[in-house]
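A short worksheet on the structure shown next.
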Amino acid sequence: MVLFFSTRFLFFSIFFPCLISITLYQLDSFEPASLPADSLITSPTSIPPLLNDRFLTGAEFIGVGLLNNPEDIAYHKDSNLIYTGCVDGWVKRVSVHDSANDSIVEDWVNTGGRPLGIAFGLHGEVIVADANKGLLSISDGGKKTELLTDEADGVRFKLTDAVTVADNGVLYFTDASSKYDFYQFIFDFLEGKPHGRVMSFDPTTRATRVLLKDLYFANGISMSPDQTHFVFCETIMRRCSKYYISEERVEVFIQGLPGYPDNIRYDGDGHYWIALISEVTTSWKLSMKYLFLRKLIYMAAKYGVELLSIKNAAVLQVDLDGNPIAMYHDHPFSHITSGVKIGNHLYFGSLLHSYITRLDLLKYPAQKKL
């Protein structure tokens with residue numbers, strides 16, 4: 001009797017759940033792909049000589065509770081305002097002051113989607129890469145919102161991500177994935193297939209042109225100061241590349257990053273700032289290497305169970321040649337999606353927090369590692 005009970009207990013508590021799990025695994029149609037070998041390597045040349053690994057010690061928080069996941073940050077110098085897109089659809093404006101407590105948050109325009117990348121057009125318009133809607137132009141002081149483009153070569157955008165504006169008015173932007181939308185972006189990572197594109201939109205001809213395709217989650221993008229090229233990031237590959245516009249040529253800018261890159265911003269002073277949403281954690285490293293783990297993580301994610309560890313996000317400062325200079329991070333802090341230098345301060349956007357984080361770079365500089 002005891003033996004029968006033990007056998008039945010083992011069957012229903014261990015063997016039966018395992019059998020169900022194996023069956024579900026085999027029936028699920030999700031098939032992850034092997035990633036290029038260089039996506040798994042961290043390059044020693046991507047590690048900067050200067051480091052602040054406790055930036056929360058001096059951090060200030062702006063608009064606490066009023067900014068719902070402010071993903072990108074764009075600074076308009078003439079008005080002294082920050083524009084940022086939030087998960088509730090609002091493009092908000094935040095005034096910049098010496099004291100973070102004096103900042104005022106304004107609900108400006110609601111796109112009805114998920115505004116991510118933000119840039120400024122040549123005629124006072126605000127250009128928004130809306131993950132759900134496409135590429136938008138907001139003008140007339142916020143009274144007019146116009147859809148510029150939402151498809152190219154017959155393929156609609158699924159995750160319009162970041163945008164930059166050239167001096168001639170041409171917009172360059174990314175669609176991170178042609179398969180998965182903003183709320184499914186983790187599936188794109190786990191599938192490991194190149195669904196991303198970089199495109200241009202000419203406001204004069206209204207033409208949308210695909211410049212690059214088959215990219216691994218095309219993300220942040222920033223024009224170079226000499227306007228000959230732009231730099232864009234591929235999150236899954238942990239690299240940023242240059243695209244030379246007239247030559248239609250690509251070369252690596254920086255690769256083997258110590259984390260997964262999101263937005264990249266040029267500061268007007270000879271430096272780019274690359275946001276790293278997370279370091280390469282053990283769970284990320286193993287899942288990127290082993291396909292069966294990625295499938296298991298995908299199946300768990302479908303039911304709202306997050307198995308991937310995201311932590312120790314950072315902002316990396318590099319020069320015009322992609323050479324690392326300094327990095328600002330803090331182990332408990334994650335989901336940094338943008339880093340913008342305004343005056344002596346570095347401002348951090350986020351996919352997780354309800355505020356913009358600010359750090360005084362003069363008071364809390366990155367220093368040589370011991």
Cationic N near anionic O, under 4.0 Å, [X] to [Y]:
X      : Y      : answer
Glu146 : Arg206 : yes
Asp175 : Lys158 : no
Glu248 : Arg209 : yes
Asp153 : Arg197 : no

Give a yes or no answer on whether the side chain of [X] reaches the backbone of [Y] with a donor-acceptor pair at less than 3.5 Å.
X      : Y      : value
Lys369 : Pro48  : yes
Thr281 : Ser309 : yes
Arg156 : Ser178 : no
Asn69  : Leu352 : yes
Lys77  : Ser79  : no
Ser350 : His335 : yes
Ser287 : Leu293 : no
Thr164 : Tyr172 : no
Gln227 : Asp167 : yes
Thr208 : Ala152 : no

For [Y] together with [X], are the ring centres under 6.0 Å from each other?
X      : Y      : answer
Phe217 : Phe189 : yes
His229 : Tyr244 : yes
Tyr266 : Trp273 : no
Phe120 : Tyr83  : yes

Please report the closest heavy-atom contact between [X] and [Y], naming both atoms and the distance.
X      : Y      : answer
Lys311 : Ser334 : CA-CB, 3.8 Å
Ile245 : Met223 : CD1-CE, 4.0 Å
Glu31  : Glu191 : O-CG, 4.2 Å
Asn263 : Glu71  : ND2-OE2, 3.3 Å
Ile127 : Gly121 : CG1-N, 4.0 Å
Tyr272 : Asp319 : CD1-O, 4.0 Å

Verify the cluster assignment for [X] and [Y]: are they in a single hydrophobic cluster under the rule of side-chain heavy atoms below 4.5 Å apart?
X      : Y      : value
Ile274 : Val231 : yes
Tyr328 : Leu50  : no
Trp284 : Ile277 : yes

query = Do you see a donor-acceptor pair shorter than 3.5 Å between the side chains of Asn219 and Tyr260?
reply =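 The answer is no; no qualifying pair exists.
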Side-chain donor-acceptor contact under 3.5 Å, His329 with Asn312 =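 Yes, side-chain donor-acceptor contact under 3.5 Å.
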key: Passing option when Tyr298 is tested against Tyr180, Phe292, Phe187, Tyr303 for ring pair (Phe, Tyr, Trp, His ring centres under 6.0 Å)   =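 Of the listed residues Tyr180, Phe292, Phe187, Tyr303, the ring pair (Phe, Tyr, Trp, His ring centres under 6.0 Å) partner of Tyr298 is Phe187.
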ask   = What is the ring orientation for Phe55 with Phe333, classed by angle as parallel under 30°, tilted 30 to 60°, or perpendicular over 60°?
value =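 Answer is perpendicular, since the angle exceeds 60°.
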